[in-house]
Amino acid sequence: MSTKENSYVPTSDSKDDELTPYEDEDEDEETVDVNGFQILVSQEKQVKEMFEKRQELTSNFNFKNQQIKNVFMEVLLYLIETLSKSTTELSMEVLNEAESTLFDLIRAGLNVGWLRQKWEEAYLKKEKQRVSGARIRELEEQVKKRKLTLSDLESDLKKEKAAALAAKSRTGLIDVVRRS
């Protein structure tokens, strides 16, 4: 038996911010209560472990409305999932959105300093990748230019060798005898 309740979100085309039901993909999955949050059974282990490791997580979180509490937990779990991805999978846009979400969770009273630290690590790593990528492109461009310069020099060298060989062959012994 599912204890899932409908969540409501404003629709962009509705008047006076009417609310319409939001159907979750996992609407058939049952929910369980973990520390006052109704979560999907499939998330139970993860949430219990999070509360064991982060006992202070909700010490300043004072929402009483069950739907609001559940939404904050869903957002928190989504943020954890996002920040668990490799930085190659994360864009700067996604990281910026994650930072905004972190601030929202903090303002709501969730103690997510540990998650803020994870965000900072991901952001710095992504920034290093961006800077490194730019430097690699710059070096590749320099190599390309130097290869062209080297090719031009090799061509000039061949011409000089050919000219020197032609000049050398013109001053041979037969030419000297004939001119005399």
Original post:
How many angstroms lie between atom CD of Glu81 and atom CG of Leu76, to the nearest 0.5 angstrom?
Top reply: 11.5 Å
Original post:
Is the number of heavy atoms from other residues, nucleotides or ligands under 6.0 Å of Glu49 CD greater than 12?
Top reply: yes
Original post:
Is the side chain of Thr149 donor-acceptor paired with the backbone N or O of Lys145 at a distance under 3.5 Å, no angle test?
Top reply: yes
Subject >> Flag side-chain contact, heavy atom, 4.5 Å: Arg137 against Glu141 >> reply: no
Original post:
Between Glu120 and Arg116, is there a side-chain N and carboxylate O pair less than 4.0 Å apart?
Top reply: yes
Subject >> CG on Leu150 to CD on Glu154, rounded to 0.5 Å >> reply: 4.0 Å
Original post:
Say you draw a straight line from CD of Glu56 to CH2 of Trp114; how long is it, rounded to the nearest 0.5 Å?
Top reply: 9.0 Å
Subject >> hydrophobic_cluster_shared for Leu124 and Leu90, side chain cutoff 4.5 Å >> reply: no
Subject >> CD/Gln142: more than 12 non-hydrogen atoms of other groups inside 6.0 Å >> reply: yes
**OP:** Verify side chain to side chain contact (heavy atoms under 4.5 Å, CB included) between Glu44 and Val34, making sure each step is shown before the conclusion.
**Re:** CA-CA 7 Å; Glu44 182 178 13; Val34 176; 4.1 Å; yes
Original post:
Any chain of hydrophobic side-chain contacts (each under 4.5 Å) joining Ile39 to Tyr78?
Top reply: no
**OP:** Measure the CG-NZ distance between Leu95 and Lys125 for me, rounded to the nearest 0.5 Å.
**Re:** 12.0 Å
Subject >> Which atom of Thr87 lies closest to which atom of Ala122, heavy atoms considered >> reply: CG2-O, 3.6 Å
**OP:** Give the minimum heavy-atom separation between Ile80 and Ser84, together with the two atoms involved.
**Re:** O-OG, 2.7 Å
Original post:
Going through the checks in order, is the side chain to side chain donor-acceptor pair (under 3.5 Å) test met by Asn70 and Glu74?
Top reply: CA-CA 6 Å; Asn70 295 345; Glu74 288 174 19; over 6 Å; no
Original post:
Does the side chain of Val47 reach to within under 4.5 Å of the side chain of Phe37, using non-hydrogen atoms?
Top reply: no
Original post:
Is Lys69 positioned over the aromatic face of Phe63, cation under 6.0 angstrom from the ring centre and no more than 45 degrees off axis?
Top reply: no
Original post:
With respect to Arg130, which candidate in Lys128, Lys126, Glu127 satisfies the side-chain contact (heavy atoms from CB on, under 4.5 Å) definition?
Top reply: Glu127
Subject >> Verdict with supporting geometry, Met73 and Phe61, side chain to side chain contact (heavy atoms under 4.5 Å, CB included) >> reply: CA-CA 11 Å; Met73 182 55 67; Phe61 187 75; over 6 Å; no
**OP:** Working to the nearest 0.5 Å, report the span between CD of Glu52 and NZ of Lys48.
**Re:** 8.5 Å
**OP:** Please step through side chain to side chain contact (heavy atoms under 4.5 Å, CB included) for the pair Thr101 and Thr82, ending with a clear verdict.
**Re:** CA-CA 11 Å; Thr101 301; Thr82 298; over 6 Å; no
Original post:
Just wondering, do Asn35 and Leu57 contact through their side chains at under 4.5 Å, heavy atoms?
Top reply: no
Original post:
Under 6.0 Å from the CZ atom of Arg146, do we count more than 12 heavy atoms belonging to anything else shown?
Top reply: no
Subject >> Under-4.0 Å salt bridge between Arg135 and Glu138 >> reply: yes
Original post:
Per the side-chain contact (heavy atoms from CB on, under 4.5 Å) rule, which among Thr58, Leu115, Asp104 passes with Leu110?
Top reply: Thr58
